[in-house]
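In what follows, a single structure is set out as structure tokens and then discussed.
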Amino acid sequence: MSNKLRLAIQKSGRLSEDSIKLLKDCGIDLRNVKDRLRTESENFPIEIFFLRDDDIPEYVSDGVADIGIVGENVLYEKNKSVETVEELGFGKCRLSIAVPKADEYNNTYLQGKRIATSYPVLTSKFLNEKNIKAELHEISGSVEIAPGIGLADAVCDLVSSGSTLFMNGLKEVEVILQSQAVLIKNKSLSAEQQRLLDKLLFRIQAVKKAKNNKYILLNAPNDKLSEIIALLPGMKSPTVLPLAEEGWSSVHSVLNENEFWEIIEQLKAHGAQGILVVPIEKMII
Ligand code: PRT
Ligand code: ZN
């Protein structure tokens with residue numbers, strides 16, 4: 001067993017750029033990532049393999065790579081024996097059934113129909129759970145055109161904005177899987193490889209937390225300070241510093257993106273002024 005981690009990522013496609021950016025945000029230097037099959041980092045014991053996304057679960061389960069970044073849609077379709085270590089928050093999409101826009105859809109609509117998909121395993125599982133008998137047509141690309149050319153009555157395909165379905169006269173009627181990119185690992189890593197993975201994970205989590213949080217600075221009149229502080233969680237509690245102008249303080253804190261606008265409105269309503277919001281690069285709690 002080697003004392004470095006071999007990471008498989010998508011060579012070129014929707015996950016490639018975000019996968020490489022995540023590594024860079026984790027402080028892992030990668031050179032010449034274009035047009036290469038593999039590369040090694042000079043400042044972290046990691047080797048990167050660039051592969052088709054469909055092959056990543058198998059490479060990781062076979063131990064050719066130790067870890068990999070892949071969409072959950074591919075992971076569950078391939079159904080290989082690997083472990084999911086972390087959700088990465090990018091490559092978000094859903095696997096959905098879609099039917100011609102004009103059709104009326106109900107529970108029995110799919111019975112006996114022809115469904116085109118690149119995801120036969122996940123589609124069959126969904127149909128079995130619903131006790132629907134349908135005919136699957138496995139095609140590897142441009143699934144959305146199948147109804148238009150008379151090859152199928154419905155499709156089961158990945159959707160993100162929905163515009164591809166719309167442009168092909170289809171409507172989404174069932175979401176069968178919500179998906180995002182995940183970090184997966186081989187089930188029998190050596191102790192040293194697990195240690196390296198833990199180190200990488202620590203960095204990934206710090207990057208993810210930073211992305212979901214913003215640093216906020218504002219000026220508050222001292223007589224409103226306690227109400228304003230009550231609105232701000234902070235990592236422990238907000239930092240409060242006196243301003244040069246008497247009767248005012250500067251308050252610093254960290255806000256989660258989900259509650260962000262709500263809290264900003266309340267801060268303003270409580271007399272906060274000069275509110276600055278800045279991105280956080282890394283966040284370690
Ligand atoms: O060559 P390789 O096999 O590696 O790549 P690929 O062509 O199989 O995959 P790629 O690069 O298209 O997608 C890689 C992964 O990105 C997928 O497995 C998903 O996990 C994720 N992902 C996220 C998506 C989408 N969003 C997405 N919208 N994958 C594909 N799409 C396609 C979808 O198939 C449809 O054709 O985009 C179209 C729909 O998009 P909207 O925005 O019009 O709904
Ligand atoms: Zn693919």
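Small disclaimer: the values here were computed from a predicted structure and weren't measured. Remember, it's 1-based here, ligands and their atoms both numbered in the order they're listed.
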| Structural part of Val143 in contact with ligand 1, heavy atom criterion under 4.0 angstrom | neither
| said: If the threshold is 4.0 Å, N to carboxylate O, is there a salt bridge linking Lys214 and Glu257? | reply: yes
| note | Contact region, Gln10 to ligand 1, non-hydrogen atoms below 4.0 Å, reads side chain
| At a 4.0 Å threshold, what atoms of ligand 1 neighbour a non-hydrogen atom of Gly71? | 20 (O)
| field | Stacked cation flag Lys113 on Tyr109, 6.0 angstrom / 45 deg | value | yes
| query | Using heavy atoms and a threshold below 4.0 Å, how should the contact between Leu158 and ligand 1 be classified: side chain, backbone, both, or neither? | reply | both
| Proximal ligand 1 atoms for Thr164, defined as those under 4.0 Å from one of its heavy atoms | 38 (C), 39 (C), 40 (O), 41 (P), 43 (O)
| message | Under a plain distance cut-off of 3.5 Å, with no hydrogens placed, do Asn73 and Glu77 share a side-chain donor-acceptor pair? | response | no
| Where the side chain of Ser118 meets the backbone of Ile139, is there a donor-acceptor pair that is under 3.5 Å apart? | yes
| Location of contacts on Leu15 toward ligand 1, heavy atoms closer than 4.0 Å | side chain
| In ligand 1, which numbered atoms sit nearer than 4.0 Å to a non-hydrogen atom of Ser161? | 41 (P), 42 (O), 43 (O), 44 (O)
| Between the side chain of Arg6 and the main-chain N/O of Val64, is any donor-acceptor distance below 3.5 Å? | yes
| field | Heavy-atom closest pair, residues Asn186 and Ser61 | value | ND2-O, 3.4 Å
| Side-chain donor-acceptor pair under 3.5 Å between Lys187 and Ser81, yes or no? | yes
| request: Do me a favour and list the nearest non-hydrogen protein atom to atom 14 (C) of ligand 1 with residue, atom name and distance? | output: Asp53 OD2, 3.5 Å
| Would you find a donor on one side and an acceptor on the other, under 3.5 Å apart, between the side chain of Lys4 and the backbone of Pro45? | no
| query | OD1 (Asp54) to the Zn ion (ligand 2) to OD1 (Asp53): angle, nearest 10 degrees? | reply | 70°
| field | For Val74, atoms of ligand 1 separated by under 4.0 Å from a heavy atom | value | 18 (O)
| said: Nearest 0.5 angstrom please: Ser96 OG to Gln178 CD, how far? | reply: 7.5 Å
| said: Closer than 4.0 Å to some heavy atom of Asn73 - which atoms of ligand 1 meet that? | reply: 17 (C), 18 (O), 19 (C), 20 (O)
| remark: Interatomic distance, OG@Ser142 vs CG@Leu151, rounded to 0.5 Å, equals 11.5 Å
| What atoms of ligand 1 come closer than 4.0 angstrom to any heavy atom of Asp157? | 34 (O)
| request: Starting from atom 28 (N) of ligand 1, locate the nearest protein heavy atom and write down its residue, its atom name and how far away it is, to 0.1 Å. | output: Ser160 OG, 2.9 Å
| request: Enumerate the atoms of ligand 1 whose separation from the nearest heavy atom of Gly91 is less than 4.0 angstrom. | output: 21 (C), 23 (C)
| said: Does any N or O of ligand 1 fall below 3.5 Å from an N or O anywhere on Gly162, backbone included? | reply: yes
| message | Suppose we measure from atom 32 (C) of ligand 1 to each protein heavy atom; which comes out shortest, and what is that distance? | response | Arg14 NH2, 3.4 Å
| Matching residue for Tyr105 among Glu174, Lys171, Glu172 - test: side chain to side chain donor-acceptor pair (under 3.5 Å) | Glu174
| Does any N or O atom in Arg52 lie less than 3.5 angstrom from one in ligand 1, N or O only? | yes
| Heavy-atom nearest neighbour in the protein, as seen from atom 26 (N) of ligand 1, with distance rounded to 0.1 Å | Cys93 CB, 3.4 Å
| task | Could you give me the CA-CA distance, side-chain angles and deciding distance for Glu192 and Arg195, then say whether salt bridge (Lys or Arg N to Asp or Glu O under 4.0 Å) is met? | result | CA-CA 5 Å; Glu192 173 60 9; Arg195 193 187 65 79; 3.1 Å; yes
| query | Heavy atom under 4.0 Å from ligand 1: found in Val159's side chain, backbone, both, or neither? | reply | both
| said: Ignoring hydrogens and geometry beyond distance, is a side-chain donor-acceptor pair present between Gln180 and Glu72 at under 3.5 Å? | reply: no
| Those atoms of ligand 1 less than 4.0 Å from some heavy atom in Gly13 | 11 (O)
| query | Is the closest protein non-hydrogen atom to atom 7 (O) of ligand 1 under 4.0 Å? | reply | no
